[in-house]
Amino acid sequence: MLTLYGRDFASRLLLGTARYPSPAILADAVRRSETQIVTVSLRRETRGNQNGQAFWSLIQSLDVTVLPNTAGCHSVKEAVTTAHMAREVFGTNWIKLEVIGDSDTLQPDIFGLVEAAKILCDEGFEVFPYMTDDLVLAERLLAAGCKVLMPWCAPIGSARGPQNIHALKTLRSHFPAVPLIVDAGIGRPSHATQVMELGFDAVLLNTAVAKAGDPALMAEAFGKAIAAGYAACQAEPLEPRDFATPSTPILGQAFS
Amino acid sequence: MKLIVNGEALDATARTLQDLLTELDLTGPWLATAVDGDFVPAGERIDCTLRDGAAIEILSPMQGG
């Protein structure tokens, strides 16, 4: 079971809800992925246009846990206010905290992130920080009150897969008891398997599913890939070697 | 009164945040509001008097990653 802030989940995939071709395909992708947690956002409502109501009704019909985000916020103040608004609308203390520092790479403003995390944790929020893979940043976020960490493995939407395996391994080894979720940069199911094999607890992704040719099929593939990676980690995979090791016994070999 | 609502200039007759939502035909429990960058809970909108030039945000659930 994946335990996040005291809540248990069988699936280790967290799925974003943006950029799907249609609401029906989004719903199909959520079902086939078997995810139990989806991320949602808040945006300006257009006058006379009840888009938000329709979307919220769809999400509620999927019977999943929602993780609201503060996507697009570039300051502590914006992120904290957005978190307050999300708590009221979605009825949850969970918040995926994003404080963006650079518009091109969508790299987190790590200083603002720690500051906002401290404010929100003190207010009773259960914070899921979207962060870089920096070890010291991780320590500061835990000290701020975060019980879950969500390092990127590549820029959001880049589909580049893990760019710094060493940094991800370092986080895992330093914080064996902290739920670690790779958030952002996953492009293919094999990337997700790879980070799960490193011992990560879960993967959060969106674009790799939403922009695939068949989003629902890709969602299913990711669900299976993440489960496979988790099982492989539990099974303790072999370490790579420099030289060959015969797999067939030498004892009893003919002509020897 | 001149307001900035969701980033756009608006001439409104409303004097409170609650009245503004009614004037804009934006109602429902799925809406969240902020005035001048500060969250205003639904229960406080009726007492939230708007000043000339105030910046109001009216948000609702949307797709997110």
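A, B, ... follow the sequence lines: proteins, then strands. Residue 1 opens every chain.
- The shortest side-chain heavy-atom distance between Lys77(A) and Asp38(B) falls under the 4.5 Å cut-off.
- The backbone N or O of Leu59(B) sits nowhere less than 3.5 Å from a side-chain atom of Arg44(A) that would complete a donor-acceptor pair.
- Using a distance-only test at 3.5 Å, with no hydrogens or angles considered, no donor-acceptor pair links the side chain of Asn69(A) to the main chain of Gly64(B).
- Counting only heavy atoms from C-beta outward, the side chains of Gln53(A) and Ser60(B) never approach each other to under 4.5 Å.
- For the atom pair CE of Met62(B) and OG1 of Thr17(A), the computed distance is 10.0 Å after rounding to the nearest 0.5 Å.
- Between Gly65(B) and Ala18(A), the closest heavy-atom pair is N-CB, 4.3 Å.
- The environment of Tyr5(A) atom OH is dense: over 12 non-hydrogen atoms of other residues, nucleotides or ligands sit within 6.0 angstrom.
- Contact of the Gln63(B) side chain with the Phe55(A) side chain is registered, since non-hydrogen atoms from C-beta on lie closer than 4.5 Å.
- Here the straight-line distance linking atom CG of Asn6(B) with atom CZ of Arg43(A) works out to 11.5 Å at 0.5 Å rounding.
- Interatomic distance, CG of Leu31(B) versus CD of Glu88(A), reported as 9.5 Å (0.5 Å rounding).
- Within a 6.0 Å radius of CZ in Arg31(A), other residues, nucleotides and ligands contribute 12 heavy atoms or fewer.
- Pairing each heavy atom of Leu26(B) with each of Thr46(A), the nearest pair is CD2-O, 3.8 Å.
- In terms of heavy-atom pairs under 4.5 Å with chain B, the best-connected choice from Asn206(A), Ile59(A), Leu14(A), Thr39(A) is Thr39(A).
- Separation of atoms CD1 (Ile58(B)) and CG (Leu42(A)) is listed at 13.0 Å; rounding is to 0.5 Å.
- In this structure, no portion of Ile56(B) lies under 4.5 Å from any heavy atom of chain A.
- Other residues, nucleotides and ligands contribute more than 12 heavy atoms inside 6.0 Å of the CG atom of Leu217(A).
- For Glu78(A), no part lies near chain B; criterion is any non-hydrogen pair under 4.5 Å.
- Atom CG of Asp63(A) is surrounded by 12 or fewer heavy atoms from other residues, nucleotides or ligands within 6.0 Å.
- For Phe90(A), the part lying near chain B is the side chain, with the backbone staying farther off; criterion is any non-hydrogen pair under 4.5 Å.
- Counting heavy-atom neighbours within 6.0 Å of Arg45(B) CZ, excluding the residue itself, gives a total above 12.
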